[in-house]
Amino acid sequence: MNTISAKSARIRRQVKRVHSERGTTMVELLVAMSISVLVFGIISTALVQFFLVTRWGNDQLIITNDLQVASLWLGRDALESANFSPGAGAVYGTLNWADSTHQYRYSYNIVDGSLVREHFENSILQSTLQVARHITNQGDVVFSTSSQLLSVSITSTSGDESETVDLSLAMRSH
């Protein structure tokens, strides 16, 4: 009978221990959930801000690149050219060398929304290059001349960001 009573006493102790162990209360559960929601809210806000700043930064880089590349090509071509002939339609105009062997025609590509530079040598097309890829409308690029000064205004747009640069470029004198 000793073994039975020892087993019985051991079972009673285990049952008491199971009943005496405390579980999680509703208040503890609510506090843990509140802390979890607060931490998740802070982390998600930081992630949203990160992606917004990254998108804004990428748009700014795209615009800056467009305007710099267009400025470099236009500046180079203007220095080599003796005059500017205004174009019609999608063609803004052509920069001509004094001996008429080279021409640089600038136009708007409506399909790509870009400013395009075409190099002609003896009236034969040598190369075509997109110098600004984010030109929303044909009116976002304006060419005008005054004596040997070529003025160009270019507006580049990416996402919600937009920037305009006004260039004054000297052409080679006759």
With side chain to side chain donor-acceptor pair (under 3.5 Å) as the test, pick out the partner of Glu161 among Gln60, Arg55, His134.
Gln60
Distance col, row Ser127:OG vs Phe120:CZ, nearest 0.5 angstrom, shows 9.5 Å
Got a salt bridge between Arg133 and Asp112, using NZ or NE/NH1/NH2 to carboxylate O under 4.0 Å?
no
Please find the pair of heavy atoms, one from Gln130 and one from Ser114, that lie closest to each other, and give the distance.
NE2-OG, 3.2 Å
Would you kindly confirm whether Val152 and Tyr104 end up in one hydrophobic cluster when ILVMFWY residues are joined by side chain heavy atoms under 4.5 Å apart?
yes
Go through it in stages, so that I can follow the logic: the residues are Leu169 and Leu79, the test is side chain to side chain contact (heavy atoms under 4.5 Å, CB included), and I'd like the CA-CA distance, side-chain angles, deciding distance and then a yes or no.
CA-CA 8 Å; Leu169 308 165; Leu79 283 174; over 6 Å; no
Under the side chain to side chain contact (heavy atoms under 4.5 Å, CB included) criterion, do Leu149 and Met171 qualify, and how do the steps go?
CA-CA 6 Å; Leu149 188 66; Met171 291 185 286; over 6 Å; no
Strictly under 6.0 Å, is that where the ring centroids of Tyr106 and Tyr92 end up?
no
Looking at CG of Leu38 and CD1 of Ile43, how far apart are the two atoms once the value is rounded to the nearest 0.5 Å?
10.0 Å
Are Leu167 and Val165 close enough that some pair of their side-chain heavy atoms sits under 4.5 Å apart?
yes
Whether Gln148 side chain and Ala82 backbone form a donor-acceptor pair below 3.5 Å:
yes
Go through the steps for Thr155 and Glu163 under the test side chain to side chain contact (heavy atoms under 4.5 Å, CB included), then give the verdict.
CA-CA 6 Å; Thr155 301; Glu163 189 175 332; over 6 Å; no
Going by the rule side chain to side chain contact (heavy atoms under 4.5 Å, CB included), which residues pair with Gln126 if we only count those two or more places apart in sequence or in a different chain?
His119, Glu121, Ile124
Ile154 and Thr164, any side-chain heavy atoms less than 4.5 Å apart
no
Is there a donor in the side chain of Asp166 and an acceptor in the side chain of Ser151, or the other way round, less than 3.5 Å apart?
no
Report yes if some heavy atom in the side chain of Val91 is under 4.5 Å from a heavy atom in the side chain of Arg105; otherwise report no.
yes
Hey, could you give me the CG/CG distance between Leu74 and Leu67, rounded to the nearest 0.5 Å?
11.0 Å
Do Asp59 and Ser158 pass the side chain to side chain donor-acceptor pair (under 3.5 Å) test, and can you show the C-alpha distance, the side-chain angles, and the key distance before you say yes or no?
CA-CA 5 Å; Asp59 289 342; Ser158 179; 3.1 Å; yes
So, does Asn109 use its side chain to make a donor-acceptor pair with the main chain of Val111 at under 3.5 Å?
yes
To the nearest 0.5 Å, how far apart are CH2 in Trp97 and CD in Gln103?
11.5 Å
Knowing that exactly one of Leu72, Asp66, Asn65 qualifies, which makes a side-chain contact (heavy atoms from CB on, under 4.5 Å) with Val69?
Asn65
Closest non-hydrogen contact found for Ile63 with Ser162 is CD1-N, 3.7 Å
Working to the nearest 0.5 Å, report the span between CG of Asp99 and CG of Asn122.
8.5 Å
When you measure from the side chain of Thr64 to the backbone of Leu61, do you find a donor-acceptor pair of N or O atoms at a distance under 3.5 Å?
no
Is the shortest heavy-atom distance from the side chain of Thr145 to the side chain of Asn83 under 4.5 Å?
no
Here the gap from Ile110 atom CD1 to Ile135 atom CD1, rounded to the nearest 0.5 Å, amounts to 13.5 Å
Close side-chain approach of Pro86 to Phe143, heavy-atom, < 4.5 Å
no
With side chains defined as the heavy atoms from C-beta onward, is the minimum distance between Ser81 and Asn96 less than 4.5 Å?
no
Here the pair of heavy atoms bringing Leu115 nearest to Ala70 is CD2-CB, 4.4 Å
Starting from the C-alpha separation in whole Å, work towards a yes-or-no answer on side chain to side chain contact (heavy atoms under 4.5 Å, CB included) for Trp73 and Leu129.
CA-CA 10 Å; Trp73 280 110; Leu129 177 69; 3.2 Å; yes
